[in-house]
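After the structure tokens below, expect a handful of questions from me.
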2 protein chains.
Amino acid sequence: MIQSEKPTIMDIARLTGLSKGTVDRVLHNRGEVSKKSYDKVMAVIKELGYEPNALASALARGVSPRIAVLIPEHEPGSFWELALNGISKASETVGPLGVETQLFKYNSRDASSFQDACFRLLDSAPSGVVVAPMFGPGTQMLTADLRSRSIPYVFFDTKQDDDGYLAYYGLPEYRSGYLCADQLTIDKSASEVLLVRIKRDPFRQSDPTVIRRAGFMDYMSEHYPDCVVRSIFIDPRDHERTDQELESFFEAFPGTTHIAMFNSRIYLIVPWLERHPAQIKRVVGFDNLTANMNALARGTVSALIAQHPDEQVAMAIQALFDYIVLGKKPMRRDNFMHMDILTRYNIEYY
Amino acid sequence: MIQSEKPTIMDIARLTGLSKGTVDRVLHNRGEVSKKSYDKVMAVIKELGYEPNALASALARGVSPRIAVLIPEHEPGSFWELALNGISKASETVGPLGVETQLFKYNSRDASSFQDACFRLLDSAPSGVVVAPMFGPGTQMLTADLRSRSIPYVFFDTKQDDDGYLAYYGLPEYRSGYLCADQLTIDKSASEVLLVRIKRDPFRQSDPTVIRRAGFMDYMSEHYPDCVVRSIFIDPRDHERTDQELESFFEAFPGTTHIAMFNSRIYLIVPWLERHPAQIKRVVGFDNLTANMNALARGTVSALIAQHPDEQVAMAIQALFDYIVLGKKPMRRDNFMHMDILTRYNIEYY
DNA sequence: AAAAATTTCGTGTACGGTAACGGAATTGTG
DNA sequence: CACAATTCCGTTACCGTACACGAAATTTTT
């Protein structure tokens, strides 16, 4: 815990009879060193347990490495804004260590805007990239390019299967669906459940809710095989339509008592719910958006499964920092992060 | 987000026509500067929005500040071990920035050992102190001394009321008791509830569970005024006695269906519970100790309220770092941190 | 074996700030 | 007015590392 008299680069130089310049070349293996000297330096480094002084290093480096973050434009109060908080927090941490962060935004409903952002990002030649892969093919192009230039990249939120990413930080999607079902606290097997789903956005090409739904359905068939689960589909931008859908659904199935939603938009059905109290027992959704939290506080929503996009993205940035600056690979490649259950009684301090 | 061309001390020197030595004296108001020069420098500093480079500063200062942490000795797997993790994590963060952390341990059942640790701590003349005040009077002596030497200190876990602490990081105790009651998910007002409490340790002089219990009782009387709540007291080191207590309690009150405990020791009653299944519906405790988590995974414990002592202590260290190195006071003095609900379905990734 | 090419290495300076030291400017005293 | 005492300020040497540049050592070529 206590760092006593740390050895410096000069100590190593003295002990090896070489100069600090040479030691520095070894440390950054940037060549121009004979094998003999190299080995000697490495030996002494290991013996002394030398660790470079990050302060001095960052100071001397001067021109700071830059971590680029690719993130959709978003309305205030959306899921991505939570991530944005994490980015600011992380860059406050790594900023004083001489690392910049730069945002590249794109329109999440426009594949060409994503392309465009990718090009801008690549042109800027960052030292590392954080990306939530929304557009499969587009992301693949991006990552292929990054690999060819050996720029490290980290996924968060959604993972994409390629073998080049440095790390992934996200939710265990299947478990989260399972947990969601558990939080409905269904009491008898005759219950009827409604899943509110988003009309598939034809542009979004990777969708974590699919796996969440799988976890949910498995829980149901394991615990309440006789439960009826039905779905409706809504358009996030057409509130009137949404209300109509709900209205006619509940006319058709008035026995429905539980509602779940696997994305962050549970707030979309809140207005309708608050005009029609009574029969609904439990409503469970995802993510601690402000709108969701408010509904939770009022009791309209019973529980939220909160992933922490801010933590996820912060971890992603941290991982890149460790890799770029300190040369350390993350311990695990796939990092499934914890999720929390929020109720009206524990949201106050979020 | 991007740090563009920050002004340096040399820029100020040039613009004022003075030397960086003088500017430095102004920055640390260490005198030997004429009023005229002082004002000129201050004006330019404000105009440029100059902020000293923390890196270079720490590097040049050389002697690293040291943060002392006062913490009880503990068995592996206890509450305090969680805190210890946070300390290592935090010191990994601030370590490369030239700040040391040093632990001072004491025996939590021995007030004089606490005293002793305090003296050792004071002798070491740290730059800042983190402490969880277990012994009221002892802590007051400590903090009085710290104040007189103007060494900043931060509380975590428990707060003590004096007006000198830099910050506090801990749980909203009252709310946590309230939440605990909610998590019992009592279904009918005729339920009978058992609180398992620790025989008051005569040495420990500040006890967060008192307030938790208050929150719990308030929830109960608000929601289920007819519920019967009874208590038993156990000795954490006498397992046989504990089992006997439980045994005779349940003989006397076989209708009891819910159990809660307000400290981290719910694992103490797990062995008995697992030998007597059946009537107990829900068991709720605090803190994610390994033993508790295991019981949670097996379903013996229904839910745990997890505070995050690691995060709390990490924040505490961070706050001291910000204050000592960067000269920034924490935004809030009292920081009530979030608590999470853990169930068997979301503990996997903790 | 001398010259050229290449590899290997040491030196010097910069990064932004700290603080000791001593010289110049100002003020005070006889 | 000369001299001492203060006050003020510039110079300089660091802190530990990065990197450019050129010199030295080694290898290759002729």
Side-chain angles (χ1 to χ4, degrees), chain A residues 3-42 45 48-65 95-100 127 324-327, chain B residues 3-42 44-45 48-65 95-100 324-327:
Chain A
Q3 29 176 268
S4 55
E5 296 312 311
K6 281 198 164 191
T8 76
I9 210 172
M10 276 304 284
D11 295 324
I12 298 175
R14 257 191 301 276
L15 286 178
T16 54
L18 293 163
S19 75
K20 56 178 184 158
T22 306
V23 176
D24 183 64
R25 274 184 286 266
V26 172
L27 283 171
H28 299 80
N29 18 279
R30 93 176 105 80
E32 315 209 346
V33 178
S34 69
K35 177 145 180 16
K36 212 170 76 179
S37 310
Y38 183 90
D39 291 341
K40 206 159 29 167
V41 170
M42 286 307 261
I45 284 179
L48 295 193
Y50 168 81
E51 285 181 17
N53 179 326
L55 284 191
S57 187
L59 180 60
R61 205 177 308 111
V63 37
S64 15
L97 293 172
V99 176
E100 295 173 7
S127 330
I324 297 172
V325 177
L326 310 177
Chain B
Q3 30 177 267
S4 56
E5 297 314 311
K6 282 195 165 190
T8 76
I9 207 172
M10 276 304 285
D11 294 327
I12 298 174
R14 256 191 301 278
L15 286 179
T16 53
L18 294 162
S19 75
K20 56 176 186 166
T22 307
V23 175
D24 186 62
R25 275 184 287 265
V26 172
L27 283 172
H28 303 304
N29 24 279
R30 103 173 99 80
E32 316 210 342
V33 178
S34 69
K35 178 146 180 19
K36 211 171 79 181
S37 309
Y38 183 90
D39 291 342
K40 206 160 26 167
V41 170
M42 286 309 259
V44 174
I45 284 179
L48 295 193
Y50 167 80
E51 286 181 17
N53 179 326
L55 284 192
S57 182
L59 179 61
R61 208 177 308 112
V63 311
S64 24
L97 293 172
V99 176
E100 296 172 7
I324 297 171
V325 177
L326 310 178

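Just so it is clear, the structure is predicted and the values come from calculations on it, not from any experiment. Per chain, numbering begins at 1; letters A, B, ... match sequence-line order.
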### Task
Please report the closest heavy-atom contact between K6(A) and D11(A), naming both atoms and the distance.
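That closest heavy-atom pairing would be O-OD2, 4.2 Å.
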### Message
Rounding to an integer number of Å, can you tell me how far K36(A) NZ sits from dT7(C) C1'?
### Response
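Nearest whole value for this atom pair: 14 Å.
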### Gap between atoms CZ and P, on R61(B) and dG16(C) respectively (whole Å)
17 Å
### Gap between atoms CG and P, on D24(A) and dA20(D) respectively (whole Å)
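These atoms are roughly 10 Å apart.
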### Nearest-nucleotide 5' precedence on DNA chain D, S34(B) against P52(A)
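Its nearest nucleotide lies further toward 5', so the answer is S34(B).
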### Task
Could you walk me through whether K35(B) and D39(B) pass the salt bridge (charged side-chain N to carboxylate O under 4.0 Å, His left out) test, one step at a time?
CA-CA 6 Å; K35(B) 178 146 180 19; D39(B) 291 342; 2.7 Å; yes
### Task
Flag the pair L48(B) / L15(B) as yes when at least one side-chain heavy-atom distance between them is below 4.5 Å, and no otherwise.
yes
### Task
Show the numbers, then the answer: is there a salt bridge (charged side-chain N to carboxylate O under 4.0 Å, His left out) between D24(B) and R30(B)?
CA-CA 9 Å; D24(B) 186 62; R30(B) 103 173 99 80; 2.2 Å; yes
#### Entry: L59(A) CG - dT17(D) C1' separation (whole Å)
8 Å
### Message
Base, sugar-phosphate or nothing for Y38(B)? Non-hydrogen atoms, less than 4.0 Å.
### Response
nothing
### Query
Looking only at side-chain N and O atoms, does S37(A) come under 4.0 Å of OP1 or OP2 in dC9(C)?
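Affirmative; the distance criterion is met.
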### Task
Calculate the interatomic distance between R25(B) atom CZ and dC21(C) atom P; express it in whole Å.
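Interatomic distance, CZ of R25(B) to P of dC21(C): 14 Å.
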### Message
Rounded to whole Å, how long is the line connecting atom CG of L27(B) with atom P of dC9(D)?
### Response
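Those two atoms, CG and P, are 14 Å apart.
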### Query
Do the side chain of K20(A) and the base of dT13(C) come within less than 3.5 angstrom through a donor-acceptor pair of N or O atoms?
yes
### Query
What integer distance in Å separates H28(B):NE2 from dA20(C):P?
12 Å
### Message
Does dG10(D) have its OP1 or OP2 closer than 4.0 Å to a side-chain nitrogen or oxygen of S19(B)?
### Response
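Result: yes.
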### Candidates dG16(C), dT11(C), dG16(D) - which lies nearest the side chain of A60(B)
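So the nucleotide nearest the side chain must be dG16(C).
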### Message
What is the separation between atom CD on E32(A) and atom P on dG22(D), rounded to the nearest whole Å?
### Response
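That distance rounds to 14 Å.
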### Residue closer to the 5' end of DNA chain D, T22(B) versus M10(A) (nearest nucleotide)
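Mapping each residue to its closest nucleotide by heavy atoms, the 5'-most match is T22(B).
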### Task
Decide yes or no for I45(A) and I12(A): does some side-chain heavy atom of the first lie under 4.5 Å from some side-chain heavy atom of the second?
yes
### Task
Using a cut-off of strictly less than 4.0 Å, decide whether R30(A) has a side-chain nitrogen or oxygen near OP1 or OP2 of dC19(D).
yes
